[in-house]
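All chains are named by letter (A, B, ...) in the order of the sequence lines, taking the proteins before the strands, and each is independently numbered beginning at 1.
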Number of protein chains: 2
Amino acid sequence: MNKKQLVAKLSGSLNLSKADAERTFDTITNTILDALKGDDSVKIAGFGTYKVAKRKARIGRNPRTGEQIQIAASQKVKFLPAKALKEIFNK
Amino acid sequence: MNKKQLVAKLSGSLNLSKADAERTFDTITNTILDALKGDDSVKIAGFGTYKVAKRKARIGRNPRTGEQIQIAASQKVKFLPAKALKEIFNK
DNA sequence: TTACTATATGCAATAATTGCATATCTATTT
DNA sequence: AAATAGATATGCAATTATTGCATATAGTAA
């Protein structure tokens with residue numbers, strides 16, 4: 001399912017036009033991203049937690065050439081699914 | 001930021017009551033979960049992809065006792081952040 | 001609809017991360 | 001306020017992320 005299909009579903013269940021459903025959805029993802037940018041994690045009970053994980057710089061390797069390369073520190077968004085999700089999928 | 005605070009923010013930016021904002025939010029997460037339950041992944045361009053990862057059975061360890069234990073196969077929800085997110089957080 | 005852009009896939013070596021059980025403590029929801 | 005959910009901590013092995021780059025596919029924007 002892609003965003004277009006998701007928005008179509010939401011349009012139905014939220015009783016909104018597709019344009020409004022998309023705006024609503026975008027507002028939510030943007031709000032989450034803004035919080036993460038501000039270094040805050042976003043905890044949603046029963047769903048999961050979004051947080052920014054910092055990764056240190058390290059030495060890697062280009063597997064194609066075997067050559068060692070320096071990999072810069074970076075950050076990525078992680079999602080930790082809530083316990084409820086495990087139960088849903090493991091029964 | 002927890003769900004309550006997120007809903008409060010959304011209530012403002014979506015111009016909805018807190019109750020409606022929460023219902024809207026829950027509808028979205030439930031729609032995503034339903035898709036995942038149906039073994040479909042949910043791809044949201046510019047945000048990320050939710051998918052169900054299957055994990056094989058394997059041998060683990062009870063860290064308290066050190067004792068080896070057999071761990072059953074399981075499934076978990078994974079979130080793969082989109083490229084756009086990496087750019088946001090690594091510049 | 002066309003043109004553009006994002007993402008998936010494959011390769012392999014290595015580094016980083018996960019996840020296990022479980023009790024306790026804290027946060028959050030009802 | 002009571003009840004539920006999540007964080008924490010632990011050691012160690014299995015798993016996965018990461019890198020570059022090319023190609024293929026899918027998705028999005030104009």
Side-chain angles (χ1 to χ4, degrees), chain A residues 1-9 18-19 21-23 25-26 29 35 40-90, chain B residues 1-9 11 18-19 21-23 25-26 29 33 35 40-90:
Chain A
M1 182 159 83
N2 60 30
K3 185 175 166 184
K4 195 175 204 170
Q5 297 166 313
L6 176 62
V7 165
K9 277 214 174 203
K18 284 191 184 173
E22 180 160 12
R23 264 190 288 274
F25 184 76
D26 288 344
T29 55
D40 195 2
S41 64
V42 179
K43 300 175 195 178
I44 298 155
F47 187 66
T49 301
Y50 298 90
K51 59 169 62 175
V52 178
K54 299 174 200 316
R55 297 175 58 74
K56 290 180 194 163
R58 63 195 173 85
I59 292 177
R61 190 172 292 267
N62 180 341
R64 184 167 298 267
T65 62
E67 175 188 16
Q68 286 201 345
I69 50 173
Q70 179 64 33
I71 299 170
S74 66
Q75 295 188 298
K76 70 172 284 195
V77 175
K78 295 196 66 173
F79 175 73
L80 303 146
K83 197 176 80 178
L85 267 69
K86 285 189 191 165
E87 284 158 9
I88 290 174
F89 289 99
N90 293 308
Chain B
M1 183 160 82
N2 60 30
K3 184 175 168 186
K4 196 176 203 171
Q5 297 166 313
L6 176 61
V7 165
K9 277 214 174 203
S11 166
K18 285 190 183 173
E22 180 160 12
R23 264 191 288 273
F25 185 77
D26 288 343
T29 54
L33 289 182
D40 195 1
S41 63
V42 179
K43 299 175 194 179
I44 297 154
F47 187 66
T49 301
Y50 298 89
K51 60 168 62 175
V52 177
K54 298 175 201 313
R55 299 173 58 76
K56 291 177 193 163
R58 63 201 173 83
I59 292 176
R61 190 172 292 267
N62 180 340
R64 184 167 298 268
T65 62
E67 175 189 17
Q68 287 203 345
I69 50 172
Q70 178 65 31
I71 299 168
S74 66
Q75 297 188 298
K76 70 170 281 194
V77 176
K78 294 196 65 170
F79 174 74
L80 302 147
K83 198 174 85 175
L85 266 69
K86 285 188 189 167
E87 285 159 9
I88 289 173
F89 290 99
N90 293 308

Nucleotide [N], atom [atom2] - distance to [atom1] of [X] in whole Å:
X	N	atom1	atom2	answer
B:Q75	D:dT15	CD	P	15 Å
A:L80	C:dC20	CG	P	13 Å
A:I44	C:dA27	CD1	P	19 Å
A:E22	D:dA29	CD	C1'	11 Å
B:K83	D:dA17	NZ	C1'	18 Å
B:M1	C:dA27	CE	C1'	16 Å
A:Q5	D:dA26	CD	C1'	11 Å
B:N2	C:dA27	CG	P	11 Å

- Partners passing salt bridge (charged side-chain N to carboxylate O under 4.0 Å, His left out) against B:K3 (at least two apart in sequence or in another chain): B:E22, B:D26
Nearest to the side chain of [X] - [options]?
X	options	result
A:K76	C:dA8, D:dT18, D:dT16	D:dT18
A:K4	D:dA17, D:dT28, D:dA7	D:dT28
B:A45	C:dT29, D:dT28, D:dT18	D:dT28

- Query: Can you check whether A:N2 reaches A:Q5 side chain to side chain, under 4.5 Å on heavy atoms?
  - Reply: yes
- Message: I want to check something: taking the side chain as every heavy atom from C-beta on, are B:Y50 and B:L33 in contact at a cut-off of under 4.5 Å?
- Response: no
- Note on the structure: Assert: residue with more 5' nearest nucleotide on DNA chain D, out of A:K3 and A:F47, is A:F47
- Task: List the atom of B:A82, the atom of B:G46, and the distance in Å for their closest heavy-atom pair.
- Result: CB-C, 3.8 Å
- Query: Quick one: side chain to side chain contact (heavy atoms under 4.5 Å, CB included) partners of A:K18, sequence neighbours excluded?
  - Reply: A:A8, A:S11
- Mind checking B:A82 for me? I need base, sugar-phosphate or nothing, with any heavy atom below 4.0 Å counting as a touch. sugar-phosphate
- Query: So what does A:K43 hit on the nucleic acid, given a heavy-atom distance under 4.0 Å: a base, only sugar-phosphate, or nothing?
  - Reply: nothing
